[in-house]
Amino acid sequence: MLLPWISGLGAGMALLHLLQKLLFPYFWKDLWFLLKVIRCGIRIELYRRKGELVTVLDKFLSQAQKQPRKPFIVYEGDIYTYEDVDRRSSRVAHAFLNHSALEKGDTVALLMSNEPDFVHVWFGLAKLGCVVAFLNSNIRSTSLLHCIRSCEPRALVVGADLLEAVEEILPSLPEGISVWAVKDSVPRGVISLKEKLSTASDKPVPRSHHVASNLKTPSLYIFTSGTTGLPKAAVITQLQALKGAAGLWAFGCTSDDIIYITLPLYHSSGAILGIGGCIELGATCVLKKKFSASQFWNDCKKYNVTVFQYIGEICRYLCKQPKLFFTFDLIKYDFQKDEPIRNEQGWCSHVKKGEPGLLISRVNEKNPFFGYVGNKKHTEKKLLCDVFKKGDVYFNTGDLMVQDHENFLYFHDRIGDTFRWKGENIATTEVADIIGMLDFIQESNVYGVAVPDCEGKTGMASITLKPNKSLDLEKVYEQVVTFLPAYACPRFLRIQEKMETTGTFKPKKFQLVQEGFSPLKISDPLYFMDNLKKTYVPLTKELYDQIMLGEIKL
């Protein structure tokens with residue numbers, strides 16, 4: 001009797017295995033990932049109960065003690081060990097202790113490109129218990145000034161290659177902000193941090209300066225374009241930074257990995273997931289000033305890279321686990337009204353597999369939203385209320401996603417007044433305001449248009465002229481390149497006689513987006529941004545064909 005029972009059990013196990021492979025092909029990988037996430041959460045909770053509030057900085061200091069000689073950052077062939085970064089960041093901390101009035105909890109804005117000193121300054125300020133606000137290194141003029149004002153810093157630290165951008169706005173900076181440059185020779189009104197570092201001590205900074213009283217205290221401010229207007233500073237708490245730093249570990253990376261980081265460190269992906277992730281592992285990172293397709297494989301071979309961190313127009317870092325941690329929903333969205341679709345009862349509904357939907361995430365005690373610095377209206381706009389039932393609250397990511405039949409998520413588009421290009425969110429209202437400053441422009445309507453074989457959408461501006469005013473294409477070019485990051489400059493212009501508006505007097509975009517930039521479909525004058533001629537030139541049929549065939553790179 002025993003043999004048939006064993007045979008039946010074996011057949012049943014084989015059937016279950018087959019069903020699992022067919023219906024849940026990623027079950028074991030997902031389960032393993034989930035167990036690692038639970039383990040991470042338990043570890044944080046145990047630290048909290050013991051009164052040991054361990055932060056990302058604490059983990060870095062621990063790695064510097066355990067493996068001081070191990071390479072932490074490799075940059076342009078130079079190696080910076082964990083001990084090197086610890087000592088250099090301590091010099092930064094002592095320089096500010098000796099030559100400034102910074103106190104624990106103060107905010108310091110950081111405007112630097114990807115380079116080791118970005119990490120040195122970041123960690124040095126963190127050793128003083130300061131909140132560091134990462135500024136987008138591409139922004140200039142009005143946007144840069146807005147970001148600095150919005151996070152109310154006591155000091156601004158700028159890299160040598162970006163000092164010129166700060167010089168332009170020095171007279172307009174709020175009173176009380178000291179400006180420090182990582183450069184020997186600096187203009188009047190700027191302090192040379194490099195000079196102060198040459199005489200600063202590299203001794204450890206007492207932990208009392210940075211010890212965290214609560215994991216919900218702010219650690220960083222990271223700016224995001226949001227869905228409307230100028231960039232806003234999102235609050236990143238110590239706990240959020242810890243969770244983000246565990247990402248590489250949760251996905252199977254180890255201390256033996258060499259991680260290639262080309263993403264800008266002012267983004268959470270580059271700083272928290274990348275640098276923080278290396279610290280969590282005790283691994284080595286190869287830091288690149290910016291991504292280069294031509295150098296990518298050579299770098300991977302030269303530095304024995306095993307992990308490449310990237311971001312593209314796909315799901316940014318999400319994994320669906322129903323019943324537990326990273327829950328989300330995709331709801332139906334009205335592209336023309338630019339709002340979620342609600343039924344007669346006022347509730348939102350889910351999209352089907354394969355259909356684009358708005359990505360939202362439930363806000364509760366386990367999944368809080370800490371909002372943006374300053375104006376509460378910016379925070380309120382990111383929240384959707386009464387979505388599926390009375391009283392529920394969801395965070396609106398502003399991303400339209402598609403979920404396939406294997407439950408993988410893919411980026412589809414941005415909603416509202418933003419679109420994505422070159423991995424950046426572009427606020428259309430900000431671009432429109434810059435163009436609208438020209439004295440011959442009546443109205444400006446900015447939107448993103450699709451280009452073959454290009455991820456995201458590139459910028460296009462539809463404009464109307466003031467009565468009796470003529471179009472000056474060279475002035476339009478000069479205006480956008482002066483006041484906007486390169487990725488935000490509209491590549492196409494469309495001149496309309498009248499601007500179509502919605503019932504609430506907002507410029508209509510849907511039809512314009514659908515029509516794109518084809519001179520075959522559009523009778524209005526069209527122009528293309530020519531960086532060689534430093535102006536906008538007429539978009540001819542020949543030029544259009546070259547763009548569509550990829551002969552002209554955008």
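- Formation of a donor-acceptor pair under 3.5 Å by the R342 side chain with backbone atoms of E339 is not found in this model.
- Looking at L220 and V131, their side chains never come closer than 4.5 Å, going by heavy atoms from C-beta outward.
- The aromatic rings of F517 and F492 sit parallel to each other, their planes meeting at less than 30°, with 60° as the upper class boundary.
- Proximity of a side-chain donor or acceptor of T397 to a complementary backbone N or O of L359 within less than 3.5 Å is detected.
- Between atom CD1 of residue I259 and atom CG of residue L287 there is a gap of 12.0 Å, rounded to the nearest 0.5 Å.
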Exercise for the section: Could you check Y75 against N114 for side chain to side chain donor-acceptor pair (under 3.5 Å), going step by step and ending with a plain yes or no? Expected result: CA-CA 9 Å; Y75 179 77; N114 279 20; over 6 Å; no
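- Counting non-hydrogen atoms of neighbouring residues, nucleotides and ligands closer than 6.0 angstrom, the NZ atom of K216 reaches no more than 12 such neighbours.
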Practice task
Carefully, step by step, assess D257 and T306 under the rule side chain to side chain donor-acceptor pair (under 3.5 Å).
Solution key: CA-CA 6 Å; D257 279 311; T306 58; 2.7 Å; yes
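- In this structure, OH on Y544 lies 12.5 Å from CD1 on I552, to the nearest 0.5 angstrom.
- Between L358 and I360, the closest side-chain pair of non-hydrogen atoms falls below 4.5 Å.
- The existence of a salt bridge linking E515 and R494 is confirmed by a sub-4.0 Å separation between a basic side-chain nitrogen and an acidic carboxylate oxygen.
- In this structure, N343 places its CG atom where more than 12 heavy-atom neighbours from other residues, nucleotides or ligands lie under 6.0 Å away.
- Between the OG atom of S518 and the CE atom of M548 there is a distance of 7.5 Å, given to the nearest 0.5 Å.
- The shortest distance between side-chain heavy atoms of K59 and V56 does not fall below 4.5 Å.
- In this structure, the side chain of Q479 engages the main chain of I434 through a donor-acceptor pair within 3.5 Å.
- Between the D329 side chain and the I331 main chain, no donor and acceptor come within less than 3.5 Å of each other.
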Practice task
Decide side chain to side chain donor-acceptor pair (under 3.5 Å) for Y410 and D404; before the verdict, give the C-alpha distance in whole Å, the side-chain angles of both, and the deciding distance to 0.1 Å.
Solution key: CA-CA 8 Å; Y410 300 87; D404 67 13; 3.2 Å; yes
Handout entry: Trace of the side-chain contact (heavy atoms from CB on, under 4.5 Å) decision for V481 with M529
Key = CA-CA 11 Å; V481 298; M529 188 180 196; 3.5 Å; yes
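- Atoms CD1 and CG, from I522 and L520 in turn, are 9.5 Å apart once rounded to the nearest 0.5 Å.
- Without hydrogens or angle criteria, N396 side chain to L384 main chain gives no donor-acceptor distance under 3.5 Å.
- Within a 6.0 Å sphere centred on CD of Q345, other residues, nucleotides and ligands contribute more than 12 heavy atoms.
- Counting heavy atoms from C-beta on, the side chains of V449 and K457 never come closer than 4.5 Å.
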Problem - Check against side-chain contact (heavy atoms from CB on, under 4.5 Å), Y333 and I341 - result: CA-CA 5 Å; Y333 194 81; I341 296 174; 5.6 Å; no
Practice task
Apply side-chain contact (heavy atoms from CB on, under 4.5 Å) to I139 and C147, showing your working.
Solution key: CA-CA 9 Å; I139 60 175; C147 290; 3.6 Å; yes
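- Here the closest non-hydrogen pair linking V402 and P356 is CG2-CA, 3.7 Å.
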Problem - Test side chain to side chain donor-acceptor pair (under 3.5 Å) applied to Q496 and S462, step by step - result: CA-CA 7 Å; Q496 291 188 291; S462 175; 2.5 Å; yes
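- Ring centroid separation for the pair F419 and Y447 does not come in under the 6.0 Å cut-off.
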Handout entry: Residues V307, Y260; criterion side-chain contact (heavy atoms from CB on, under 4.5 Å); working and verdict
Key = CA-CA 6 Å; V307 176; Y260 191 54; over 6 Å; no
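- The 12-atom threshold is exceeded at CD of E551, counting heavy atoms of other residues, nucleotides or ligands nearer than 6.0 Å.
- Looking at Y394 and F388, their side chains come closer than 4.5 Å, going by heavy atoms from C-beta outward.
- By the 4.5 Å heavy-atom criterion applied to side chains, F528 and P538 are not counted as neighbours.
- Within the 3.5 Å criterion, the main-chain N or O of V387 finds a donor-acceptor partner in the side chain of D392.
- Under the 3.5 Å distance criterion, with hydrogens and angles disregarded, a donor-acceptor pair is assigned to the side chains of N531 and Y477.
- One finds the CG atom of L215 at 10.0 Å from the NZ atom of K243 (value rounded to the nearest 0.5 Å).
- In this structure, I272 and H267 have side chains that are not in contact, with every pair of non-hydrogen atoms separated by 4.5 Å or more.
- Using a 4.0 Å cut-off between charged side-chain N and carboxylate O, D299 and K288 make a salt bridge.
- Remark: I463 CD1 to S444 OG distance equals 6.5 Å, nearest 0.5 Å.
- The side-chain heavy atoms of T464 and N445, taken from C-beta on, include no pair separated by under 4.5 Å.
- In this structure a side-chain-to-backbone donor-acceptor pair under 3.5 Å is missing from D399 to M401.
- Ring centroids of F118 and Y266 are separated by 6.0 Å or more, keeping the two rings apart.
- A distance-only check finds a donor-acceptor pair linking the side chain of Q240 to the backbone of T237 [under 3.5 Å].
- Smallest separation of non-hydrogen atoms from L263 and G270: CB-CA, 4.1 Å.
- Side-chain N or O atoms of H350 include none that pairs as donor or acceptor with a backbone N or O of K332 at under 3.5 Å.
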